[in-house]
There are 2 protein chains.
Amino acid sequence: MSKAYNVMAATCPSRTVLHRIGARWTVFVVNALADGPRRFTELKGHIRGITPKALTETLRSLEADGLISRHDHDENPPRVEYALTPLGRSLLIPLRAVRLWAEEHVPDIEAARSRQPVP
Amino acid sequence: MSKAYNVMAATCPSRTVLHRIGARWTVFVVNALADGPRRFTELKGHIRGITPKALTETLRSLEADGLISRHDHDENPPRVEYALTPLGRSLLIPLRAVRLWAEEHVPDIEAARSRQPVP
DNA sequence: CGGTATCCCGTCCGATACTG
DNA sequence: CAGTATCGGACGGGATACCG
């Protein structure tokens, strides 16, 4: 049952899924929600360098894909909390593997890059 | 030793690593090399929809990062083989997890997307 | 606080054609 | 076979300012 989709096919929808995962900020946002719900400004503060525009777009995309949920408490002052859905939490596992790999192998890759001739 | 890098820091070099992983064709090329060395045209045929330009760029980038190696046999007609380096093979593990997740959860995500109002 | 609204620029990437 | 050359367009995303 797990082989119903094959990413190598040109028309396979799993490509759009991979595209979303590969988007600039997805990994950061999903990871930032790993420990529980967070508010907009919390996320913005935690993910250094992200602009409100990028954060909004990322949150909306992830919500559209059912990976996170948005809960507006409808208070004043406003309070909105974002949280991973069960689907989003399941993504956390492979994403953590990728993140750890990245953090682990930065030196190797930087070494390889520095071996390049600088044009 | 594994926490020397933290992707949440704005200046963290692991972000460039993630960026490379997230690039349009990286996942496909790395996965296509999982079973051993392959030639340019083999890859192009296996990864449906990729243009020679995109394939070349992806291969060069991966080579620059030390993830794949390029072996020109210097024959006529030309024969060039690409293969994963040990570093590239280590990436295969987290990438496979991501690919499987994507293939597995396509239905969930498509369902979520179809629940969206179509503007 | 939790976002929008603009503006704008780079770069990614597809299509197509050509070459050693 | 294994690429390069060229063009052009879509889009992601940064900077900045503003709003309910």
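Residue numbering restarts at 1 for every chain, and letters A, B, ... go by the order of the sequence lines.
For DNA chain D, no neighbouring residue in residues 63-77 of chain A is found when judged by any heavy atom under 4.0 Å.
One can place CG of A:Leu43 at 10 Å from P of C:dG3, the figure rounded to the nearest angstrom. A:Arg38 places its CZ atom 13 Å from the P atom of C:dG2, with the value rounded to the nearest Å. Whole-Å rounding puts the A:Arg15 CZ to C:dC13 P distance at 12 Å. A:Phe28 has its CZ atom 11 Å from the P atom of D:dG14, to the nearest Å. As a whole-Å value, the separation of A:Lys53 NZ from C:dC9 P is 14 Å. Remark: C1' of C:dT19 and CZ of B:Phe40 are 14 Å apart, rounded to the nearest angstrom. Rounded to a whole Å, the NE2 atom of A:His19 is 7 Å from the P atom of C:dC13. Going from atom CD1 of B:Ile47 over to atom C1' of C:dG14 covers 16 Å, rounded to whole Å.
Looking at heavy-atom distances under 4.0 Å, B:Lys44 makes no contact with the nucleic acid at all. Residue B:Thr41 is classed as a sugar-phosphate contact, given heavy-atom separations below 4.0 Å to backbone atoms only.
One distance of note links CZ of B:Arg70 with CG of B:Leu62; it measures 13.5 Å at 0.5 Å rounding. Separation of atoms CG (A:Leu87) and CD1 (A:Ile68) is listed at 11.5 Å; rounding is to 0.5 Å. Note: A:Leu84 CG to A:Ser90 OG = 9.5 Å, rounded to the nearest 0.5 Å. Atom CD of B:Glu81 sits about 4.0 Å away from atom NE2 of B:His73, to the nearest 0.5 Å.
Nearest-nucleotide positions on DNA chain D for A:Thr51 and B:Arg60 put B:Arg60 closer to the 5' end. Nearest-nucleotide assignment on DNA chain C puts the 5′-proximal partner with A:Tyr82, out of B:Glu57 and A:Tyr82. In this structure, A:Glu42 and B:Ala54 both approach DNA chain C, and ranking their closest nucleotides by distance from the 5' end singles out A:Glu42.
Distance from the side chain of B:Arg39 is smallest for D:dC1 among the nucleotides D:dC1, D:dG14, D:dG3. For A:Pro78, the listed nucleotide lying nearest its side chain is C:dC1; candidates were D:dT4, C:dG3, C:dC1.
A:Val29 pairs in a side chain to side chain contact (heavy atoms under 4.5 Å, CB included) with only one of the listed residues (A:Val27, A:Asn31, A:Leu33, A:Thr26), which is A:Leu33.
Residues passing the salt bridge (charged side-chain N to carboxylate O under 4.0 Å, His left out) test with B:Arg113, sequence neighbours excluded: A:Asp65.
Put simply, B:Arg24 has no side-chain N or O that comes within less than 4.0 Å of OP1 or OP2 on C:dT11.
Counting heavy atoms from C-beta on, the side chains of A:His46 and A:Leu43 never come closer than 4.5 Å.
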